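Quantities reported herein were computed from a predicted structural model and do not represent experimental measurements. Position 1 is the first residue of the sequence; numbering continues from there.
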Amino acid sequence: MAGETLLAYARVSTTEQNVDLQHDALNRAGAYRIWTDYASGATADRPQWQQCLDHLQPGNILLVNDLSRLGRNTADLAGIVKTLSDRNVGLRSLAEPWLDTTSSQGLLMFHFFSAIAEYERNRLRERTMDGLAAAKARGRVGGRPTKMTPDKSETARRMRAEKRSIKDIARTIEVSEATVVRDLARQRKDQQVSAEVTEK
């Protein structure tokens, strides 16, 4: 049916109020059907998105309110655009009017911004690896000397995961509470950097 050409996807995180604004905008744009997930953009568990993908047919156009509703990051979006393109499905965004992959100009603009984002990710990865290599060459992981050993750091991480207090952790591994707080923050930062480096 011709009316099914324009299909839409919406998403709100669990902390947002409701999806009415997205639905209203998508309906005004002529969406025939809307799939909606109530989940964080960082999670891959989006059942309505999977149903939307399963329903899309060659010649359809997927409509979103803005790109942040669709992908977690630029790399994720690039993968989605490729998947849609391989299936001969277009993509349009109401908040980003320059994005319309059914036109050669829109597709070119998307790949241009994707290339910039890819360059930035590669530069971040290179700087991270260079920093780690330099620290390793100096025989340390960077920063000022700390009383935290790898074993103490692992114990702190495990105890915190068990909901133990900072004071209890500090007493157990015999360091100051400030040292525990700093080390736990460092571990979270290292995990984030590692995820960014390996993400792709």
Side-chain angles (χ1 to χ4, degrees), residues 9-22 35-51 53 64-81 95-96 113-200:
Y9 174 74
R11 180 188 61 78
V12 289
S13 70
T14 54
T15 61
E16 292 179 273
Q17 294 297 317
N18 57 60
V19 75
D20 291 348
L21 289 177
Q22 290 184 59
W35 285 263
T36 305
D37 275 314
Y38 296 84
S40 166
T43 181
D45 184 20
R46 294 188 288 168
Q48 288 295 301
W49 169 238
Q50 290 304 318
Q51 289 187 28
L53 276 180
V64 293
N65 194 59
D66 64 79
L67 291 177
S68 67
R69 304 296 93 186
L70 184 60
R72 293 170 291 176
N73 48 51
T74 307
D76 193 28
L77 285 170
I80 290 172
V81 169
E96 291 91 4
F113 283 105
S114 294
I116 292 177
E118 177 74 8
Y119 170 78
E120 291 299 328
R121 283 195 302 275
N122 287 336
R123 290 292 297 133
L124 173 62
R125 181 165 57 247
E126 289 171 0
R127 288 194 297 269
T128 300
M129 298 307 293
D130 287 346
L132 291 174
K136 184 177 180 180
R138 293 193 298 271
R140 59 185 179 85
V141 294
R144 60 186 178 183
T146 176
K147 295 179 180 179
M148 293 291 284
T149 64
D151 286 341
K152 288 183 178 182
S153 183
E154 173 59 23
T155 298
R157 183 202 62 76
R158 177 178 52 77
M159 292 180 68
R160 193 57 174 167
E162 296 170 353
K163 309 299 183 184
R164 304 281 289 276
S165 69
I166 297 296
K167 184 176 182 179
D168 191 17
I169 297 172
R171 185 188 305 115
T172 300
I173 62 178
E174 299 180 333
V175 299
S176 70
E177 293 179 30
T179 297
V180 173
V181 171
R182 283 195 301 269
D183 190 72
L184 290 173
R186 177 194 60 77
Q187 291 189 51
R188 288 193 296 271
K189 183 177 180 181
D190 287 350
Q191 289 174 353
Q192 181 179 359
V193 170
S194 178
E196 292 175 349
V197 169
T198 57
E199 181 185 68
K200 190 178 174 183

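- Side-chain contact between D66 and E96 is present, with heavy atoms from C-beta onward closer than 4.5 Å.
- Considering every non-hydrogen atom in both Y9 and Q48, the closest pair reads CE1-C, 4.3 Å.
- Counting heavy atoms from C-beta outward, E154 and R157 have side chains that approach closer than 4.5 Å.
- Summarising the geometry of R160 relative to L184, their closest heavy-atom pair is CG-CD1, 3.9 Å, with the distance given to 0.1 Å.
- Rounding to the nearest 0.5 Å gives a distance of 12.5 Å between CD1 of I166 and CZ of R171.
- Here the straight-line distance linking atom CD1 of I169 with atom NZ of K152 works out to 13.5 Å at 0.5 Å rounding.
- Partners of T36 according to the side chain to side chain donor-acceptor pair (under 3.5 Å) rule, which considers only residues two or more places apart in sequence or in another chain, are H23.
- Taking R164 as the reference, E162, D168 meet the salt bridge (charged side-chain N to carboxylate O under 4.0 Å, His left out) condition, with sequence neighbours excluded.
- Every residue two or more places apart in sequence or in another chain was checked for a salt bridge (charged side-chain N to carboxylate O under 4.0 Å, His left out) with E177, and none qualifies.
- A heavy-atom distance below 4.5 Å is not found between the side chains of T179 and I173.
- Minimum heavy-atom separation, D37 to W49: OD2-N, 2.9 Å.
- The two atoms that bring V12 and R69 nearest to each other are CA-NH1, 3.9 Å, heavy atoms only.
- Side-chain polar atoms of T149 and D151 form no donor-acceptor pair below 3.5 angstrom.
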Exercise. Could you walk me through whether R11 and N65 pass the side chain to side chain contact (heavy atoms under 4.5 Å, CB included) check?
Worked result: CA-CA 9 Å; R11 180 188 61 78; N65 194 59; over 6 Å; no

